[in-house]
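For reference, the structure is listed below as structure tokens.
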Amino acid sequence: MDAPRFSTNHLAGIEGFLSFATEKSLFNGKIYCPCHRCNNRILHEPHIVGEHLRLHGIIKEYKHWIFHGESIERTSVQTDQTVRTFPSICTLSQDNKADLRDLIRDALGINIPTLNESFDGVSSEFQNNSQEYDVNEAQRTTERAATLLDDCDISLYPGCVKFSCVSFLLRLYHFKEIFGWSVKSLTCLLEFLNEAFPDGNTIPTTYYEAKKKTSALNLAYVKIDACPNDCILYWGDTSKKISCDVCKSSRWQSSCELDADEQVDGSCRCPKPAKVLRYFPLIPRLKRVFQSSKTSQSMRWHKEGRTKDGILRHPADRSAWDAFDKRFPDFASNPRNVRLGLASDGFNPFRTMSTSHSTWPVLLIPYNLEPWACMKQSSIILSMVIPGEKGPGNDIDVYMQPLIKELKQLWIGVDAFDSSASESFTLRACLLWTINNFPAYANLSGRSTKGRVACPSREFDGTIEYGVAPIPRSGEDILREVEDEGCDLFNNFEELVTGGDEANLINQDETLWKNRSIFFYLPYWRYNLLRHNLDVMHIEKNVCDNVIGTLLNLLRGGKDNIKARNDLQDMGIRSYLHPKMRNGKEYLPQACYTLASRERDIFLSIVKNLKVPDGYASNISRCVNLKEHKLSNLKSHDCHILMQDLLPICLRGVVKRRC
């Protein structure tokens, strides 16, 4: 056990760590701070790092000081000395002494009889969905695994005893992930190292060659063709179809869009699908988590390592978690059973280019881990990537089918191996809730968030409420409402859509529910106390963008437009803001909450010249365009700082000028 905070051993361990890190420093005496807040991201003077460690504590899983000059390849003598010198900061586990071959065998699941999936990590039910599966692929993957194990014995260069080719490449991959190296930069580095190291070295010269050497460690994904109009997926029983049963669109790109060498007499020789879903099977990824003794032990933290004193530190401390445990005690009895959250939203991979595109990744968060680990990028599981020039909207349920199928299978259980306990067990998993902003909440829940029924909680009619708060509706109440309104999931989840019936078309502005969410096909979803969470930071960013757009009177991003003014006119309020006519043209009178040209200059100049403490916010001045009177490309935390602290200060100069 670690020494108590502020104990003599703990303070001595901190001093020993600072002495070691300062001696190895490459940054003019400064070192990275490994406290919970800085997370090895910020350089500080050693005395400041010491204060942080005493106040916030060191990152618990940071037991290998790679950011402070410690080598990954250590001898047993060095390990023993480290344990004796710094007992309260880091206790080295036996995993660090494991042979690289054993680690790779654990990662690949070799010699574990309970793992029946192929080495490429693709479950058998997905291998024939989008195309014919190559029966020789499993054999080729097995050969790659054997080659990888053999490469563990090949030295990096003649006479090298510290690194093999594989261990060296894995170290470089680690650095690439930590520091965000691009593929091009890593290729240039490999070329340079190949020239600098002695002749006969085994360093590949390109990133492609390096990736090919370690390809056996990869977890594969599945390409599933989809209707270009988001009607169906070509998988399972429909995997052989060539057109959509709903909209009759072709599965393939039109012949005019194909290259000349792909056409024979005007027909397609090698057709390209019009739209492709990239799905990352969940079951092999969860099994891989338990094949590492370190991560498999962390997956029991919510039950065995959590402090249960009633203070909210982790989702396991919430009433929704406790209610689920009481409803399904057999699931709760095994702490290895995985609790997942789901998040999804659209983004433009082309950033600020004029290209219109909306790619939707679907992410899964494993809540079994510690609160400081479950939300890390390395812990989050990418489930699927939905491409398209526009988002899937309400048809996102179509793309969720493979995930729902696996979640239903995981609710029953699959065979897995726990490396920390060296035993086989039945792995189960459940989906607790979703996390999304308000528009995505509508897509994932099936509830309308537009028109007259936009508010999901209460009706605001301007009157004072004296009654008690309404009772939250359960999942079963919602199912009854959905059935009463005649909504269903593209007619039926178990069958293909047979076509739209005009009698069933719903006025989305007046109807509460648009469709039955696909999550209700999970046997436990209706009993979840909390099914959907709103991402407050994301919503705050949307509100901030709208407020800034309205203040600056931007054509895009503001909410003061012709539709809003017509709404005021329909409601019979604020007549001075109603649209007016001038010389036969309609115009909008300037509102008091929009800034004039000179006022915009003052406001944006204040924002651009703001100086804030280090770590308080990013460089907001880079988002200011004085020439075009724009404030754009703000990050979520920037919007939070603006809304909570800076916006009143920046507007103060404008208000004084008006007064």
Side-chain angles (χ1 to χ4, degrees), residues 1 60-61 106 109 112-117 123 281-342 364-375 379-381 383 403-435 474-476 519-531 533:
M1 299 214 25
K60 221 172 206 181
E61 63 270 24
D106 288 342
I112 299 177
T114 57
L115 300 180
N116 52 16
E117 78 274 4
S123 303
L282 175 61
I283 293 176
R285 282 161 173 79
L286 292 182
K287 288 183 177 181
R288 176 69 67 88
V289 170
F290 285 96
Q291 287 166 217
S292 167
S293 58
K294 181 179 179 180
T295 55
S296 61
Q297 188 173 3
S298 297
M299 291 295 284
R300 302 195 299 270
W301 178 90
H302 69 99
K303 186 75 172 181
E304 301 173 355
R306 178 170 58 95
T307 302
K308 303 173 185 178
D309 55 3
I311 298 177
L312 182 60
R313 302 185 182 91
H314 186 271
D317 299 317
R318 301 177 63 172
S319 56
W321 189 293
D322 186 55
F324 191 91
D325 286 351
K326 292 179 180 178
R327 182 80 190 189
F328 304 102
D330 58 329
F331 183 90
S333 61
N334 190 345
R336 290 178 291 205
N337 290 337
V338 184
R339 323 285 182 111
L340 297 170
L342 183 145
L364 296 172
I365 302 99
Y367 288 121
N368 292 43
L369 300 173
E370 302 92 335
W372 53 86
C374 64
M375 297 301 294
S379 301
I380 295 176
I381 303 171
S383 177
L403 176 60
I404 295 299
K405 181 175 181 179
E406 279 201 287
L407 286 173
K408 291 174 72 174
Q409 184 180 353
L410 282 167
W411 181 247
I412 299 172
V414 296
D415 293 334
F417 183 81
D418 185 348
S419 292
S420 63
S422 299
E423 63 180 12
S424 301
F425 72 103
T426 301
L427 172 63
R428 299 179 64 190
C430 70
L431 182 66
L432 292 180
W433 49 63
T434 69
I435 307 171
S474 66
E476 294 176 306
F519 296 116
F520 278 110
Y521 289 95
L522 297 173
Y524 50 83
W525 188 255
R526 68 181 66 187
Y527 304 113
N528 284 2
L529 187 63
L530 179 64
R531 291 169 296 280
N533 295 271

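Only a predicted model underlies this, so the values are computations on that prediction, with no experimental measurement involved.
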Keeping [X] on the side-chain end and [Y] on the backbone end, is there a donor-acceptor pair under 3.5 Å?
X: Y367; Y: L432; answer: no
X: H314; Y: L369; answer: yes
X: R531; Y: N528; answer: yes
X: N533; Y: I435; answer: no
X: N337; Y: F331; answer: yes
X: S292; Y: R288; answer: no

| message | Less than 6.0 angstrom from the centroid, inside 45 degrees of the normal: does R336 satisfy that with respect to the ring of F425? | response | yes
| Cation-pi between R339 and W433: NZ/CZ under 6.0 Å from ring centre and within 45° of the ring axis? | no
| task | Establish, from distance only, whether the side-chain atoms of S420 and S296 form a donor-acceptor pair under 3.5 Å. | result | yes
| task | Decide salt bridge (Lys or Arg N to Asp or Glu O under 4.0 Å) for K326 and D322; before the verdict, give the C-alpha distance in whole Å, the side-chain angles of both, and the deciding distance to 0.1 Å. | result | CA-CA 6 Å; K326 292 179 180 178; D322 186 55; 3.2 Å; yes
| task | Please check if atom NZ in K308 has more than 12 non-hydrogen atoms from other residues, nucleotides or ligands closer than 6.0 Å. | result | yes
| field | Results of salt bridge (Lys or Arg N to Asp or Glu O under 4.0 Å) for R428 - residues two or more places apart only | value | D330
